[in-house]
> 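Submitted below is the structure of interest, expressed as structure tokens.
Indexing begins at 1, ligand by ligand and atom by atom, following the structure's order. One is the number of the first residue; the rest follow in order along the sequence.
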Amino acid sequence: MTQLEYALSGIVTKEMKIVAEYEGVDEEFILEGVKKGEIVIPSNINHKNLIPKGIGRGLSTKVNANIGTSDAYPEIEKEIEKLNVAVKAGADAVMDLSTGGDINQSRRKILENSPVPVGTVPMYQAAVESISKYGSIVAMPEEFIFEVIEEQAKDGVDFITVHCGLTFESLKKLKDNGRVMDIVSRGGSFTIAWMLHNNKENPLYKHFDRLLDIAKKYDITLSLGDGLRPGCLEDATDAAQIQELIILGELVKKSREAGVQVMVEGPGHVPIDQIEANVKLQKQLCHNAPFYVLGPIVTDIAPGYDHITSAIGGAIAAASGADFLCYVTPAEHLGLPDKEDVKEGVIAAKIAAHAADIAKGVKGAKEKDLTMARARKALNWDDQIKLSIDPDKAFKYRVNKNISTAKTCSMCGKFCAMKIVSEYLGTSTMTC
Ligand SMILES: C[C@H]1O[C@@H](n2cnc3c(N)ncnc32)[C@H](O)[C@@H]1O
Ligand SMILES: Cc1ncc(COP(=O)(O)O)c(N)n1
Ligand code: MET
Ligand code: SF4
Ligand SMILES: [Zn+2]
């Protein structure tokens with residue numbers, strides 16, 4: 001049975017218990033959230049050693065890190081290193097987006113080594129293997145995508161991105177309205193190429209019931225992909241994007257009726273003033289399904305700094321109700337991220353998630369800031385470092401910029417405001 005089916009039968013699973021404890025909420029709250037489909041717990045019955053996480057309404061905002069090989073960088077070992085860096089930096093989930101080397105092997109190694117939920121986009125493997133098996137992506141038999149999904153499901157993949165809302169109807173909106181960047185989604189581009197070449201409807205839409213059967217068998221959470229997400233600010237919130245979202249909303253209903261857990265993916269590149277509207281639209285059209293956003297990236301002109309452009313958007317999206325932030329690294333739009341990029345990306349997304357959790361009123365969020373404020377006022381450097389989102393970086397600065405006996409920091413030295421005011425107001429005892 002899936003977590004959703006258990007919830008509908010009123011059964012609190014061990015996964016729900018773990019999530020409740022982690023979030024500091026009642027088991028009943030998780031049960032109700034899962035039952036309504038407002039919370040998902042991606043946890044494939046075959047993923048060994050998984051520490052499940054909950055995603056959705058009333059829970060802390062979660063962060064995903066994308067990793068995986070490409071044809072230019074096919075080494076699996078590098079991806080395992082990135083997995084470890086991502087988890088250490090606090091990623092709540094990872095996606096294996098491998099398209100290079102031995103894709104089965106990299107997914108299996110990542111699953112074996114990952115304590116966090118693992119997602120994939122099965123269409124990537126189907127497309128890559130279709131080239132060697134059938135000569136091209138567009139020559140892929142419909143059957144093949146379902147075979148790949150079943151194989152990945154057996155391996156223990158916890159959630160899959162499926163671009164089911166990319167249909168001839170949504171494609172018509174794209175053509176009628178025009179766009180600067182057409183389609184930037186990789187899975188979306190494979191799907192559209194296949195549809196147009198074969199003049200056939202998207203198999204993941206047409207045979208959605210088949211997808212549901214597999215998802216149900218292994219309790220895979222469907223992540224309904226945004227193949228028509230805008231790839232630049234100019235294309236944001238247009239008819240094609242919204243048409244796709246309407247279709248995804250219908251598929252959310254179908255999934256829930258089948259007892260399959262489901263979330264919805266969102267844009268992309270979006271100007272700041274459109275982010276809240278995008279979140280509200282998704283929640284309304286998709287029946288409060290958890291919203292998983294890429295970024296959003298709030299300006300197109302900062303390559304090299306897109307962890308920042310997306311953390312700005314991610315914070316606003318999550319504060320408006322988005323539940324799950326897909327990180328963007330400084331390498332976005334330029335190349336495959338390395339492990340340093342992965343760390344930067346996770347930390348930036350974690351900052352966005354935490355900033356939003358304060359606004360969302362998530363349990364324990366603002367208390368972390370209060371504890372830091374107290375440590376700062378007390379000039380307690382050990383605690384300040386421990387409480388940091390990135391303790392390693394904070395420690396390096398503390399050590400490199402100060403002599404070891406310094407009570408204040410080298411910014412103001414003996415003119416430290418905390419020190420002077422505490423002495424005269426007698427408000428705080430210096431602990432170091
Ligand atoms: C949808 C997003 O997924 C990310 N993406 C796609 N493939 C990979 C990969 N192998 N490694 C890391 N990130 C990837 C890109 O950042 C893209 O924008
Ligand atoms: C949040 C998120 N992560 C990954 C993908 C897959 O990428 P693509 O749509 O380019 O295949 C996506 N659509 N959304
Ligand atoms: C056009 S580059 C591929 C992905 C892109 N950064 C996106 O968001 O959607
Ligand atoms: S520009 Fe780079 S990241 Fe963007 S779609 Fe092309 S290959 Fe992918
Ligand atoms: Zn982009």
Side-chain angles (χ1 to χ4, degrees), residues 55 62-76 78-83 85-86 91 93-101 103 106-107 110 118-128 137 159-166 181-193 204 222-232 241 244-245 248 263-270 282 290-297 300 303 306-307 309-310 313-314 317-318 322-339 341-346 348-349:
I55 301 164
K62 303 300 182 301
V63 164
N64 173 78
N66 289 333
I67 56 172
T69 58
S70 71
D71 55 358
Y73 292 97
E75 303 98 329
I76 294 171
K78 284 224 171 74
E79 299 312 313
I80 300 298
E81 276 183 41
K82 290 185 207 172
L83 165 71
V85 167
V94 295
M95 288 190 83
D96 171 23
L97 300 181
S98 292
T99 50
I103 295 176
S106 65
R107 178 179 64 259
I110 287 171
V118 176
T120 62
V121 186
M123 181 56 95
Y124 294 179
Q125 183 176 10
V128 172
I137 294 175
F159 60 103
I160 54 171
T161 294
V162 271
H163 299 86
C164 304
L166 196 42
M181 289 188 72
D182 296 325
I183 291 177
V184 298
S185 156
R186 190 195 291 161
S189 71
F190 297 160
T191 306
I192 222 70
L204 293 175
L222 297 184
S223 187
L224 300 177
D226 48 350
L228 288 172
R229 71 171 174 272
C232 62
Q241 185 201 325
E244 183 182 49
L245 197 62
L248 298 185
M263 55 187 171
V264 171
E265 292 181 8
H269 293 238
V270 185
Q282 182 274 347
F291 197 21
Y292 176 24
V293 290
L294 178 68
I297 288 167
D300 300 332
D306 276 322
H307 56 317
T309 62
S310 71
D323 308 280
F324 192 18
L325 302 181
C326 185
Y327 85 169
V328 171
T329 77
E332 183 75 11
H333 304 109
L334 299 169
L336 194 77
D338 61 23
K339 63 181 182 202
D341 299 317
V342 167
K343 182 181 171 187
E344 293 283 301
V346 173

> To check you understand the geometry: which heavy-atom pair defines the closest contact between L204 and C164, and what is its length?
O-SG, 3.5 Å
> Heavy-atom contacts under 4.0 Å between S185 and ligand 1: side chain, backbone, both, or neither?
neither
> Between D323 and F291, is there a donor-acceptor pair closer than 3.5 Å when you use the side chain of the first and the backbone of the second?
yes
> Give me the nearest non-hydrogen protein atom to atom 2 (C) of ligand 2 as residue plus atom name, then the distance to 0.1 Å.
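That would be E265 OE1, 3.4 Å.
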> Would you say L228 and I183 make side-chain contact, with heavy atoms under 4.5 Å?
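Yes, their side chains come closer than 4.5 Å.
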> Would you indicate whether the side-chain heavy atoms of L294 and E265 approach each other to under 4.5 Å?
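Answer no - side chains too far apart.
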> Do H269 and V184 have side-chain heavy atoms sitting under 4.5 Å apart?
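A side-chain contact is absent here, since even the closest heavy-atom pair is not under 4.5 Å.
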> Give the residue, atom name and distance (to 0.1 Å) of the protein heavy atom nearest atom 7 (N) of ligand 1.
R186 NH2, 2.9 Å
> Any non-hydrogen atom of S70 lying under 4.0 Å from ligand 1?
no
> Just so I know, are the side chains of V328 and T309 near enough to count as touching, which here means a heavy-atom distance under 4.5 Å?
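Side chain of V328 against side chain of T309, heavy atoms only: no contact under 4.5 Å found.
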> I'd like to check whether G187 has a polar contact with ligand 2, where a contact means an N/O of the residue lying under 3.5 Å from an N/O of the ligand.
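Right, the criterion is met.
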> Determine whether the side chain, the backbone, both or neither of M95 has a heavy atom under 4.0 Å from any heavy atom of ligand 1.
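Neither part.
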> Using 30° and 60° as the class boundaries, would you call the ring planes of F159 and Y292 parallel, tilted or perpendicular?
perpendicular
> Provide the number and element of each atom of ligand 1 under 4.0 Å from a heavy atom of P337.
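So the answer, numbered in order with elements, is 12 (C).
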> Going by the atom numbers of ligand 1, which of them fall below 4.0 Å from some non-hydrogen atom of G68?
9 (C), 10 (N), 11 (N)
> State whether K78 and E81 are salt-bridged, where the test is any N-O pair (Lys NZ or Arg NE/NH1/NH2 against Asp/Glu carboxylate O) under 4.0 Å.
no
> Just heavy atoms, cut-off under 4.0 Å: does R229 contact ligand 2 by side chain, backbone, both, or neither?
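The answer is the side chain of R229.
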> Using modelled atom types only, decide if a donor and an acceptor are shared between the side chain of E244 and the backbone of G227 within a distance under 3.5 Å.
yes
> Geometry only, no angles: is S185 polar-contacting ligand 2 at N/O separations under 3.5 Å?
yes
> Of the non-hydrogen atoms in V293 and P296, which two are nearest, and what is the gap between them?
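Heavy atoms of V293 and P296 come nearest at CG2-CD, 4.1 Å.
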> Which bit of V328 is near ligand 1, meaning a heavy atom under 4.0 Å away: side chain, backbone, both or neither?
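No part of V328 is near ligand 1 at this cut-off.
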> What are the two closest heavy atoms between F190 and A127, and how far apart are they?
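The pair with the smallest heavy-atom distance is CD1-CB, 3.5 Å.
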> If the test is side chain to side chain contact (heavy atoms under 4.5 Å, CB included), which one of V94, I67, V342 qualifies with E79?
I67
> For ligand 2, which atoms have a heavy atom of R186 less than 4.0 angstrom away?
8 (P), 10 (O), 11 (O)
> Which atoms of ligand 2 have any heavy atom of D226 under 4.0 Å away?
12 (C), 13 (N), 14 (N)
> Using non-hydrogen atoms of the residue, decide whether H163 is closer than 4.0 angstrom to ligand 2.
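Distance cut 4.0 Å: H163 passes for ligand 2.
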> Using a 4.0 Å cut-off to any heavy atom of L336, which atoms of ligand 1 qualify?
9 (C), 10 (N), 11 (N)
> Indicate whether the side chain of S98 and that of S106 have a donor and an acceptor atom separated by less than 3.5 Å.
yes
> For atom 14 (C) of ligand 1, find the nearest protein heavy atom and state the residue, atom name and distance (0.1 Å precision).
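Answer for atom 14 (C) of ligand 1: L97 CD1, 3.7 Å.
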> Any idea which protein heavy atom is nearest atom 3 (O) of ligand 1, and the distance to it?
N66 ND2, 3.1 Å
> Can you sort out which atoms of ligand 1 are near R229, meaning under 4.0 Å from one of its heavy atoms?
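Atoms satisfying the 4.0 Å criterion: 1 (C).
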> So is T69 touching ligand 1 or not, going by heavy atoms under 4.0 Å?
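Checking ligand 1 against T69, which is what was asked, there is a heavy-atom contact under 4.0 Å.
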> Is a side-chain donor or acceptor of T69 paired with a backbone partner of P74 at a separation under 3.5 angstrom?
no
> Under a 4.0 Å heavy-atom cut-off, what residues line ligand 4?
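The 4.0 Å shell around ligand 4 contains no protein residue.
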> Can you name the atoms of ligand 2, numbered from 1 with element, that are less than 4.0 Å from a heavy atom of Y124?
6 (C), 7 (O), 8 (P), 10 (O), 11 (O)
> Can you check whether T161 reaches M95 side chain to side chain, under 4.5 Å on heavy atoms?
yes
> Which atom names give the shortest non-hydrogen contact between V85 and K343, and what distance separates them?
CG1-CB, 3.7 Å
> Is there a heavy atom of F324 sitting under 4.0 angstrom from any atom of ligand 2?
no
> Do the non-hydrogen side-chain atoms of T120 and Q125 ever get within less than 4.5 Å of each other?
no
> Against heavy atoms of E332, which atoms of ligand 1 measure under 4.0 Å?
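Ligand 1 atoms under the 4.0 Å threshold to E332: 15 (C), 16 (O), 17 (C), 18 (O).
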